[in-house]
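First up is the structure itself, then whatever we jot down about it.
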Amino acid sequence: MTDHFTSRFLDARRDYIRSRFPHLNPMQQEAVLHTEGPLLILAGAGSGKTSVLINRVYNLLKYGSASGSDVLPPFASEEMISELEEHGALADDYAALDPVPPWQILAITFTNKAAGELKSRLEQLLGESSRDIWACTFHSACVRILRRDCDRIGFTRDFTIYDTTDSLSLIKHILKDQNLDEKYYPPRGILSEISRAKGDKILPPEYCAEAKKTINLHRQQVGEIYTEYMRRLTLSDAMDFDDLLLYTVMLLRENEDVLDYWQRRFRYILIDEYQDTNLLQYELSALIAGKHKNICVVGDDDQSIYKFRGATIENILSFEDQYKGCRTIRLEQNYRSTGHILNAANSVIRNNTERKGKELWTDKSAGDMIELYTADSEKDEAQYVASKMLAGYSRGENWRDYAVLYRKNAQSSSLEFALKRNGIPYRIYGGTRFFDRAEIKDILSYLSVVSFPGDNLRLERIINTPPRGIGSKSIETALSLAAEEGKTLFDVISHADRYEDLARPAMRMRAFAVLIEELRAFSEANTPDLLFDEIIEKTGYIRALKEKNTQEDTARAENVEELKTSILTYMKESGDTTLAGYLANVALYTDLDNYDTSASAVTLMTMHSSKGLEFPHVFIVGMEETIFPSMQAIGESEEMEEERRLCYVAITRAMKTLHLVCARERMLFGRTTSNRVSRFVDEIPEEDIHKTIPRGYGFRDPSNQTYVQRSESSVGAGYGSYVVRKPAHKAFDEHTVKPPAPAKTEQKPLLQLAIGDSVRHQAFHEGTVVKITPMGNDALLEISFPSVGNKKLMLRTASLHMEKF
DNA sequence: CGCACCACAATTTTT
DNA sequence: TTGTGGTGCG
């Protein structure tokens, strides 16, 4: 066989395999075909990276290393070449070289949701065999690795996972015990300091040593807290989120056989959102990939928005140095957004200096221009958003195609009100999470304590919930007794009668300990869902809530019921009926995992949570200095760049239309404030954005341009508008001179309605008034619309979009 | 021991 | 403005 033959065979094979991915562009194909050795994919927003990931896995499973290898199969022949070239029936078999078994692939994503999506798309493409692929987050991968060998690092198989709330409350306890003032030692700050240390692989001894050198008393004290924090976690057989990574790295570093096992096991590693990884995650991936070096990372330095929680953009910026001979592929064709939107995104991000440099392009049309609307107030801002949505809905758009993005969660409330008043269905993501609710934490604490009574933190949480006459004083006494004797709180309360100091609560404490023992015995023989019932029954938790009979407590009781659903779902989906398994799963679970794209409702979320999602129509509200960019980023160039990346992320969520909204004044911490329009708006080229200032603003812009009327037929009264044809650089003057108060809101007279009246609504069409409830100088209407069902609308708002007939 | 009231602060967030 | 946490009283 000649070299010529070899290269002909390899070419034919590669071309054949490439032809199996006709739906991908050449760059994407390259990324799919490069199977051997390190690969860095710089994937811009909307460039189809998920597609690439999935097809890469498909290629590995189907053709193995064939497309990336120069090894010939045994018995390579001329016939095989022609079969490949002609795409014959046997071509598939001839092309394959050592197909990769699914269990040798590890695909790491950042959220459970992304992992779930990856899994389901792989299953669609590959069927059954995709089951054995590890598609999970760093954290859940670590849990699985740790469970196998946790005895080597001094944990039991059933170690529990502390979430941020647990960690926070542990920190608070330690502060209290060490007589430290939360004012000078803010628990959140301490926790993120500890988290940062762990992320940089600095353990308490090293941290304390470093702190001693600095003669910084505060830091030394933090070192003490850190030491104690770790000590107590270990005592409770618990790990926090960072520990999962930390201990896994330590396990692999210190145990060659374990490292060897996992290195052999995972021949191919894929990591998504690499720009969001920290040092620990980098090290973990380097360890596992250490043998085969088949590591493929996907990321976008421009979308790195989590530096504040320890992500280091360095990982992606220096990947090429860390893996010599690495292949870098850029995916710059955007399949999501139309021209103006993309141009705006490129123009904004170009102002950052710390980046690899990447320019998105599209072969789509320019599409609609970006709209900038300058609202009066946050109320007006919200009403504008609602009106635009109603207009869209009346043109046949679906609610689910709309999203409103904002910088911080607190901005959601005015939007919520506006959407409610207008009868627009919406969903809010973020804010307080289901698993962070007190009642859920309570029940989960019961489950944890049943699983491991040595967990002082959680035992303390439930010892008097619902109230059973064990007050904080008694708990404190018991805790210090436990500390003195080196026992757990549970040990002490089990034998409370042996301690003089606990004479009074002794009976109640023992009764509680007996309750836990009984539940433990029960859990030995029963599945978690039955244990849940038993806990509710024996503790009277729901009963206590229902007795209060307030609306809030009823909602709480419902949440608790909902928790049972989560247990049942877990048991059904994983086939695992162990309590420890469920608890680990729950700790790693978040609300975003519940994100349901099929619901017919508009989406409200922070720009951060929107990463990875896309919507046909996007509104970004609060485009004002001190809000976005946020107050704390102003004057800090690194943070400003992160804000700008956030802006880039937000803009690139939009597929067809993008509305930016700023408010002339808004209520901030109970004060009316007025801020200049966001610098990011200025960074968008004039030809991509169309600035609207509502009728009634009688002020001149600095460049003395005339306002030109523009017709806006689709939206009702209140949003007819004037436009600056060649807008001034700023939407309004930079010193905060307030323009004369506009007289523009609710120019339409209120409708005079009675029950039974027929109305025609702009978006919901014809309907009949079925109920009117006066509320102050407004009224709550309930109108029956044959096309959409019953809607509750506020009279004042609805009058803008509705007429009587 | 539980509840009510007042002071105080106030991004972003996944696991 | 809103939510939280601490204190003081019943």
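To find a chain, count down the sequence lines: A is the first, B the second, and so on, and within it residues start at 1. Bear in mind the structure is a predicted one, so any value in this text is a computation, not a measurement.
Toward the 5' end of DNA chain B, the nearer of the two residues A:P467 and A:A587, judged by each one's closest nucleotide, is A:P467. In this structure, A:R188 and A:S472 both approach DNA chain B, and ranking their closest nucleotides by distance from the 5' end singles out A:S472.
Counting to the nearest Å, the P atom of B:dT13 and the CG atom of A:D436 are 12 Å from each other. Protein atom CG of A:L168 is 13 Å distant from nucleotide atom P of C:dT4, rounded to whole Å. Between A:F435 atom CZ and B:dT13 atom C1' the separation is 17 Å, expressed in whole Å. Summarising the geometry, the separation between CZ on A:R468 and C1' on B:dG2 is reported as 16 Å, rounded to the nearest angstrom. Summarising the geometry, the separation between NE2 on A:H608 and C1' on B:dT15 is reported as 16 Å, rounded to the nearest angstrom. One can place CD1 of A:I428 at 13 Å from P of B:dT12, the figure rounded to the nearest angstrom. Going from atom NZ of A:K379 over to atom P of C:dT1 covers 15 Å, rounded to whole Å. Rounded to whole angstrom, the span from the CG atom of A:N585 across to the P atom of B:dT14 amounts to 17 Å.
Looking at heavy-atom distances under 4.0 Å, A:I470 makes contact with sugar-phosphate atoms alone, never a base. Across all strands shown, A:K307 has no heavy atoms under 4.0 Å from either base or sugar-phosphate atoms. Note on A:T164: a base of the nucleic acid sits closer than 4.0 angstrom, heavy atoms only. Heavy atoms of A:N112 sit under 4.0 angstrom from primed sugar atoms or phosphate atoms, though from no base atom.
If you look at A:F155 and A:Y247, their ring centroids are closer than 6.0 Å.
A:D576 and A:T578 form a side-chain donor-acceptor contact under 3.5 Å, judged by distance and modelled atom types alone.
Closest to the A:E182 side chain, of the nucleotides B:dT15, B:dT14, C:dG6, is C:dG6. Taking every side-chain heavy atom of A:K172 into account, C:dG5 is the closest of B:dT13, B:dG2, C:dG5.
Looking at A:R355 and A:E641, no side-chain N of the basic residue comes within less than 4.0 Å of a carboxylate O on the acidic one, giving no salt bridge. A salt bridge does not link A:R556 to A:D442: none of the charged nitrogens lies less than 4.0 Å from a carboxylate oxygen. Here A:E476 pairs with A:K176 in a salt bridge; the nearest charged N to carboxylate O distance falls below 4.0 Å. Salt-bridge formation is not detected for the pair A:R309/A:D276: no Lys NZ or Arg NE/NH1/NH2 atom is positioned less than 4.0 Å from an Asp or Glu carboxylate oxygen.
Considering only side-chain N and O atoms, A:K611 lies nowhere under 4.0 angstrom from the phosphate OP1 or OP2 of B:dT13. The side chain of A:N464 places an N or O atom within less than 4.0 Å of a non-bridging phosphate oxygen (OP1 or OP2) of B:dG2.
A syn base is found at B:dT11: its glycosidic angle is within 90° of 0.
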Next item on the list: Can you check each nucleotide of nucleotides 4-11 of chain B against protein heavy atoms at under 4.0 Å and return B for base, S for sugar-phosphate only, - for none, in 5' to 3' order?
Entry: ------BB

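Looking only at distances, no side-chain donor or acceptor of A:S630 sits under 3.5 Å from a matching main-chain atom of A:I627.
With P as the reference atom, C:dG5 and B:dT12 are 16 Å apart, rounded to whole Å. The separation of B:dT11 from C:dG6, taken at their C1' atoms, amounts to 25 Å, rounded to a whole angstrom.
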Extract all donor-acceptor atom pairs below 3.5 Å that involve side chains of residues 462-472 of chain A and protein atoms in other chains or at least two apart in sequence.
residue: A:N464; atom: OD1; partner: A:R468; partner atom: N; Å: 2.7
residue: A:N464; atom: OD1; partner: A:G469; partner atom: N; Å: 3.2
residue: A:N464; atom: OD1; partner: A:I470; partner atom: N; Å: 3.2
residue: A:N464; atom: ND2; partner: A:I470; partner atom: O; Å: 3.2
residue: A:T465; atom: OG1; partner: A:R461; partner atom: O; Å: 2.8
residue: A:R468; atom: NH1; partner: A:Y446; partner atom: OH; Å: 3.4
residue: A:R468; atom: NH1; partner: A:I462; partner atom: O; Å: 2.8
residue: A:R468; atom: NH1; partner: A:I463; partner atom: O; Å: 2.9
residue: A:R468; atom: NH2; partner: A:Y446; partner atom: OH; Å: 2.8

